[in-house]
Protein chains: 2
Amino acid sequence: MDLGDRVSVEKDGSVYQGVLMPSRRKDHVVIKLDNGYNIGLSVPSSRITLVEKGHELKLPPPPPLKSRPGMPTVSILSTGGTIASKVDYRTGAVTSQFSAGEIISAIPELEEIANYRARVIYQILSENMRAEYWMELARAVAAEIASGAEGVIITHGTDTMMYTAAALSFMLRTPVPVVVVGSQRSSDRPSSDSAMNAICAATVAISDIAEVCVVMHGDTSDDYCSIHRGTRVRKMHTSRRDAFQSVNCSPIGRVDYLTRKIRPLIPYRQRGQVELELMDRLEPNCALVKYTPGSSPDVLDYYVDRGYKGLVIEGTGLGHVASNWIPSIKRATEEGLPVVVTSQCLRGRICDRVYDTGRDMLAAGAIEGEDMLPEVALVKLMWVLGNRPEEVQTLMRTPLAGEISFSTPITV
Amino acid sequence: MDLGDRVSVEKDGSVYQGVLMPSRRKDHVVIKLDNGYNIGLSVPSSRITLVEKGHELKLPPPPPLKSRPGMPTVSILSTGGTIASKVDYRTGAVTSQFSAGEIISAIPELEEIANYRARVIYQILSENMRAEYWMELARAVAAEIASGAEGVIITHGTDTMMYTAAALSFMLRTPVPVVVVGSQRSSDRPSSDSAMNAICAATVAISDIAEVCVVMHGDTSDDYCSIHRGTRVRKMHTSRRDAFQSVNCSPIGRVDYLTRKIRPLIPYRQRGQVELELMDRLEPNCALVKYTPGSSPDVLDYYVDRGYKGLVIEGTGLGHVASNWIPSIKRATEEGLPVVVTSQCLRGRICDRVYDTGRDMLAAGAIEGEDMLPEVALVKLMWVLGNRPEEVQTLMRTPLAGEISFSTPITV
């Protein structure tokens, strides 16, 4: 049997069918199941039977990008991730290999929506994103807008998409849509969400929603994509296509996949409402510390001693830590590090005025993170310290890019 | 005007009405709004008008506990928290002052369900919980069961309830229900969930569900409480009464508040199915590290250098960290610290076999945390290292108390 052949493997009474993949271990056979995932099975070769000979996957070369008069111009910036990836049949793994041009040629419907300019910014897995790359990306987006793009699409791995979207939200005041999009299943899988997400993203990119937003599958069916505000979105499932959810805020709207109509759900910034502004400085030396019961406050001192510039605590419930954390919070704030308190509940609002612990935290100088997601509070702290550090106390509690809402009642 | 009087305060065109509370700041007036929360307003005294004179809150002394023949015996162990608290009208803050006996007398319906024994174990705010207290609590629960309790109720603050429930789940094999319950609103507030949660908890305590579970409001109305498995529950909202949700698993069932009927939703361990077993050792020197983009892996080395015994990483997506974290993971595992990988998505299953990063993490010795919640993985690691450290590689991937499910398909 050859790699690529369809085989059937019997182990412990179960039968697995799939495509034979290369294996790193001699005693293992690896097959790609029909759901797209690979499994390794430790079986003797006598338990493997051929179902069907495989055939080479042949793709036509991408056609050159067309330009049709009268259509809006959208820039696609690609950074890597599953939407820009395909399975590598040598290793069985998913790799980032598509250029933005290849994405367009793979999804012909995109050409019905706009003319495209395409640029590869990075080809990295999104877990390797970092503040320096966010700054570079913000500059690239601003350059595209400055040179006439009527909308920008950023293809991004889903794992850290929410952090990038939040960072761009603070760094850019944009007069046109800036849409971050990805996919949870690579484009060679039958259940791939690449095409639908990309088409909906392009639809938003030519709309009047001039915000940094994330456009991803809205439910498990293929009906619509949700348009999430960049500072309110979170990946809430490891693998589902509808993993992305708006937290403490309704999505901005929905894109109907069939009709390509946008249904707004809340007010948003309109196209052309602001002038393009780029505030691209971030202070990367900020850390997020998640509190767990009994954990030692020494980790706060560790970050202070290492010269960090700001801390976000992901506390319990309304925003609490154990009483023995108070002195370390006090020390951090006295040494000039802002300490922002958020909640590991994720949903709901911080309130450190109800219980003793919270009031002690505030007395020690902690800043309430309101109803901000912990991850967004971290990115915002990097931005505030990079741009307006003297106003950190006020700004961390003031909505700058929709990341805080004062209308979410604490008692709901 | 006196403290306790109902007043009306005008500020910036808005009018706030509530009960006048003591204020720590001279230039602030603090009033308790009707929703139970306090606000501080910086206004001159001319803007405050009396609405109604206040009157002392007088509560009758609690009657002695009755014992009626033929009813099951349930032990109530109180540890503090909102269900065992009331607003302190001296400071306007919520404090933990009720004993378990007072809870019963405050909720007379409880006496229709069982006879009670009541013991105060702690009177602490739940953010001050820690491994040592969990061990003591497990011993107290086991002692109650050994001395004839047919069910045990533990009243607990909601902030760290999920950690305590998980810890008890691993430390106890119980032949009777062990029900952890709390409330999100103190019992002197109109919207309090104390009574309903306590009544539903007592209903579960005399049922045939012999598991450690959390019983809390199931939705925003007062229809039912959900019965959550102790290793699968998480507080998902800072303040809502239905903040508790089962993650990656259906709740065990529901308790209808009106009829007190239990509707099971999934299989559970039946009353009397196992003998009581107490495995009360935990290794507290374990830490949870939440990965954020660009964060330094040095924090892993910090924990290794400080003599920690095990680490849980809350990674992105399927369970990832940046490539530059791999050497520190390798160092930790080589020094004998198990490193368990979980996902900050919370929902879904870890899978470190699809992308390069994940495979590199596994090659560095990381253990996949399957579909465990990060917080539960931390508590479980403490238990495994305290009891069967040599089996940590296997046990962390094996369901011991319902914390892992192999039937959750990764592709759903």
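Just so it is clear, the structure is predicted and the values come from calculations on it, not from any experiment. Lettering of chains follows the sequences in order, A, B, ..., and the numbering in each one begins at 1.
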Peer 1: Decide yes or no for A:Arg347 and B:Arg240: does some side-chain heavy atom of the first lie under 4.5 Å from some side-chain heavy atom of the second?
Peer 2: no
Peer 1: Out of A:Glu375, A:His320, A:Arg130, A:Met162, which one racks up the most heavy-atom pairs below 4.5 Å with chain B?
Peer 2: A:His320
Peer 1: So what's closer than 4.5 Å to chain B heavy atoms on A:Ser323: side chain, backbone, both or neither?
Peer 2: both
Peer 1: Is there side-chain contact between B:His237 and A:Arg349, with heavy atoms separated by less than 4.5 Å?
Peer 2: no
Peer 1: Among all residues two or more places apart in sequence or in another chain, which pass the side-chain contact (heavy atoms from CB on, under 4.5 Å) test with A:Ser14?
Peer 2: A:Tyr16
Peer 1: If you check every heavy atom in residues 302-310 of chain B against those of chain A, which residues fall under 4.5 Å?
Peer 2: B:Tyr302, B:Tyr303, B:Arg306, B:Tyr308
Peer 1: Which region of A:Val247, side chain (C-beta onward) or backbone (N, CA, C, O), has a non-hydrogen atom less than 4.5 Å from a non-hydrogen atom of chain B, or is it both or neither?
Peer 2: neither
Peer 1: Taking atom CG of B:Leu318 and atom OG1 of A:Thr238, what is their separation to the nearest 0.5 Å?
Peer 2: 5.5 Å
Peer 1: For the residue pair A:Gly317 and B:Asp159, what are the closest heavy atoms and their distance?
Peer 2: CA-OD1, 2.9 Å
Peer 1: With a 4.5 angstrom heavy-atom cut-off, is it the side chain or the backbone of B:Val299 that approaches chain A, or both, or neither?
Peer 2: both
Peer 1: Below 4.5 Å, heavy atoms only, C-beta onward: do B:Pro293 and A:Trp134 meet side chain to side chain?
Peer 2: yes
Peer 1: With respect to chain B, which residue among A:Asp298, A:Thr164, A:Thr220 yields the maximal number of heavy-atom pairs within a distance under 4.5 Å?
Peer 2: A:Asp298
Peer 1: Considering only heavy atoms, which portion of A:Asp242 lies under 4.5 Å from any heavy atom of chain B: side chain, backbone, both, or neither?
Peer 2: neither
Peer 1: Could you tell me which residues satisfy side-chain contact (heavy atoms from CB on, under 4.5 Å) with A:Ala322, sequence neighbours excluded, listed by chain and number?
Peer 2: A:Tyr291, A:Asn324, A:Trp325, B:Asn128
Peer 1: Heavy-atom pairs under 4.5 Å with chain B: which of A:Val289, A:Thr160, A:Thr357 has the most?
Peer 2: A:Thr357
Peer 1: Heavy-atom cut-off 4.5 Å, strictly under: side chain, backbone, both or neither for B:Asn285 against chain A?
Peer 2: neither
Peer 1: Quick one, B:Cys345 and A:Lys235 - any side-chain contact, counting heavy atoms below 4.5 Å?
Peer 2: yes
Peer 1: Does either side chain, that of A:Glu127 or that of B:Thr316, offer a donor lying less than 3.5 Å from an acceptor on the other one?
Peer 2: no
Peer 1: Could I get the full list of side-chain contact (heavy atoms from CB on, under 4.5 Å) partners for A:Leu288, not counting sequence neighbours?
Peer 2: A:Val312, A:Glu314, A:Pro374, A:Leu378, B:Lys290, B:Thr292
Peer 1: So for atom OH, which belongs to A:Tyr122, do other residues, nucleotides or ligands contribute more than 12 heavy atoms lying within a distance under 6.0 Å?
Peer 2: yes
